[in-house]
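Since the structure comes first, as structure tokens, the remarks are kept for the end.
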Number of protein chains: 2
Amino acid sequence: MRATDIQTVRALPLFAGIGEAQFNALMDAALLQRFPAQVQLIREGEEADFLHVVVEGLVEMFASSDGEETTIGFLAPVSTFILAAVLVEKVYLQSARTLTPSRLLMIPAGAVRKVFAGDTAFAGAVVNELAERYRDIVRQLRTQKMRTGIERLAAWLVAHGEATPDGLIVRIAFEKVKLASFLGMTRETLSRSFAALAEHGVSVSGRTIRCADADALVRLARPEPLLDEHGRPAA
Amino acid sequence: MRATDIQTVRALPLFAGIGEAQFNALMDAALLQRFPAQVQLIREGEEADFLHVVVEGLVEMFASSDGEETTIGFLAPVSTFILAAVLVEKVYLQSARTLTPSRLLMIPAGAVRKVFAGDTAFAGAVVNELAERYRDIVRQLRTQKMRTGIERLAAWLVAHGEATPDGLIVRIAFEKVKLASFLGMTRETLSRSFAALAEHGVSVSGRTIRCADADALVRLARPEPLLDEHGRPAA
DNA sequence: GCTTCGCTTTGACTTTTGTCAAATTCGAGT
DNA sequence: ACTCGAATTTGACAAAAGTCAAAGCGAAGC
């Protein structure tokens, strides 16, 4: 593992206040692995044996049921996942796969629990992380129950767009069918929602979306400060 | 506060392993209050100043947006709520109101954070509680995205029914419109879903539902072990 | 027992979203 | 630049869920 990678991981809020010895203990136990795209890293129902950190690449969290799949979130570097399952020694409720070639740091669950018990700062950071994740999911549930498909799309665009002189530009880093699944609709409905947004100044070319009139989108999304203003979006 | 109440609260998993002195510190700082039905206890967007414990009664968690409301869960004694907001010193993402006359124990947020920092057993219990709540919401999100309305209803009935010689009996402790909101549908749709379940052996009289053929319901709900088999249901 | 108010159900209709199939476009690799 | 397979879009239709309005039911109080 390169020193720069360690620095990156060290800088994560989760490890920010942790003691040097404890951090080293985690890193010594950890494995850094490369995975090609489309590798399933975690299967729901299995025992949680590692805390994962996305160091490079892109990871999708998803759930499957009856052959169907729904995307729960996307993880870009540097973020951790399945902390909850690791801490309570339960099976995963979600599955994960790489969407692009990725490098993952995998910290054995036992090591995480041990350091948690012994390092107050780490315990605090873990709680913060868990609480934030919890709040993310609550936001997703609210969005799912209270907004229509097109509103969810508008909100997502607003949240992920980059303001430029030309208006809002959004570059989707994955297949549109994944976005559709995350937003809780079929690919066909997503496609039609984009088409419907055309009259609000949205033009799509491939995975790049340009929104001439960001305000129109914001109005459409019926923004909720509580839902949309937060540090780390769910995806 | 009666000694029996303290015993009940003490028995909560959240306080199970906590030291005597720390527990007393929490209780000394806490208030026990009675509220009539339909009192809003918490308003989303406000600062989280108390950890709440439902000692008696019934509490609804909900979110509102644009005048609409959606129910996120129901809390029966003895359970705590808004732990996440209390720990990260953030505003509530959900609101809460009493559905029946209730008694609530309210522990100041500062006291909770202080004991968290000083008592490892409590820190562990907090993480367990948070992690379980997190997993509850993930289950709700999955259910919302992957099952149809009638499937959600069937699953809820199965999860909340009591097996009797006559089949499954479910007694709804609140208005049906709340159940509809929790399940993510309108009251009309809920009513029609009940009607549709009639041909699967379900009969409704007021707030009591009898399911002659529990298996039929289970088949309808397309059970997912991960979604449906867990200790504390979301509602 | 009756009345009343509020919750629930039902009917008729609309909107939203999903399904299936076919056409089209995109993009990785040659 | 070209080709092929995969991803996306479009069309036609079906299913699920919401809306509005009216009727029905039920529990609390007279």
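To find a chain, count down the sequence lines: A is the first, B the second, and so on, and within it residues start at 1. Every value quoted in this text rests on a predicted model; they were computed, and no experiment measured them.
- Mapping A:Glu68 and B:Lys178 onto DNA chain C by nearest heavy atom places B:Lys178 closer to the 5' end of the strand.
- Panel note: side chain A:Arg210, backbone A:Val202; no donor-acceptor pair is recorded below 3.5 Å.
- Nucleotide C:dT19 holds its P atom 14 Å from the CE atom of A:Met185, rounded to whole Å.
- To the nearest angstrom, C1' of D:dA21 lies 13 Å from CZ of B:Arg187.
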For nucleotides 28-30 of chain C, give me every protein contact, N/O to N/O, under 3.5 Å, one pair per line with atom names.
none

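- Side-chain proximity of B:Thr186 to the nucleotides C:dT9, D:dG18, D:dA17 is greatest for D:dG18.
- Contact of the B:Gln94 side chain with the B:Phe81 side chain is not registered, since no non-hydrogen atoms from C-beta on lie closer than 4.5 Å.
- C:dT17 atom P lies 6 Å from atom CZ of A:Arg152, rounded to whole Å.
- The stretch residues 96-108 of chain A participates, sequence neighbours left out, in these side chain to side chain donor-acceptor pair (under 3.5 Å) pairs: A:Asp5-A:Arg103, A:Glu56-A:Arg103, A:Glu60-A:Arg97, A:Glu69-A:Arg97.
- Shown for residues 188-195 of chain B: residues whose heavy atoms fall under 4.0 angstrom of DNA chain D, namely B:Glu188, B:Thr189, B:Arg192.
- With sequence neighbours excluded, no residue satisfies salt bridge (charged side-chain N to carboxylate O under 4.0 Å, His left out) with A:Glu188.
- No hydrogens or angles considered: nothing links the side chains of A:Lys178 and A:Thr71 as a donor-acceptor pair under 3.5 Å.
- In the helix from C:dG1-D:dC30 to C:dT30-D:dA1, the terminal helix axes, each the rotation mapping four pairs' C1' atoms onto the next four within five end pairs, subtend 40°, rounded to 10°.
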- Message: Apply side-chain hydrogen bond (donor to acceptor under 3.5 Å, both in side chains) to residues A:Ser205 and A:Thr208 and explain how you reach the verdict.
- Response: CA-CA 5 Å; A:Ser205 79; A:Thr208 303; 5.1 Å; no
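- Of the candidate nucleotides D:dT9, D:dA16, C:dT9, D:dA16 has the atom lying nearest to any side-chain atom of B:Thr148.
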Under 3.5 Å, which protein N or O atoms sit close to an N or O of nucleotides 22-27 of chain D? Give each pair with its distance.
none

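- With salt bridges taken as basic N to acidic carboxylate O contacts below 4.0 Å, one links A:Lys90 and B:Glu132.
- Note on ring orientation: taking the six-membered ring where Trp is involved, the planes of A:Phe182 and A:Phe74 are tilted (angle from 30° to 60°).
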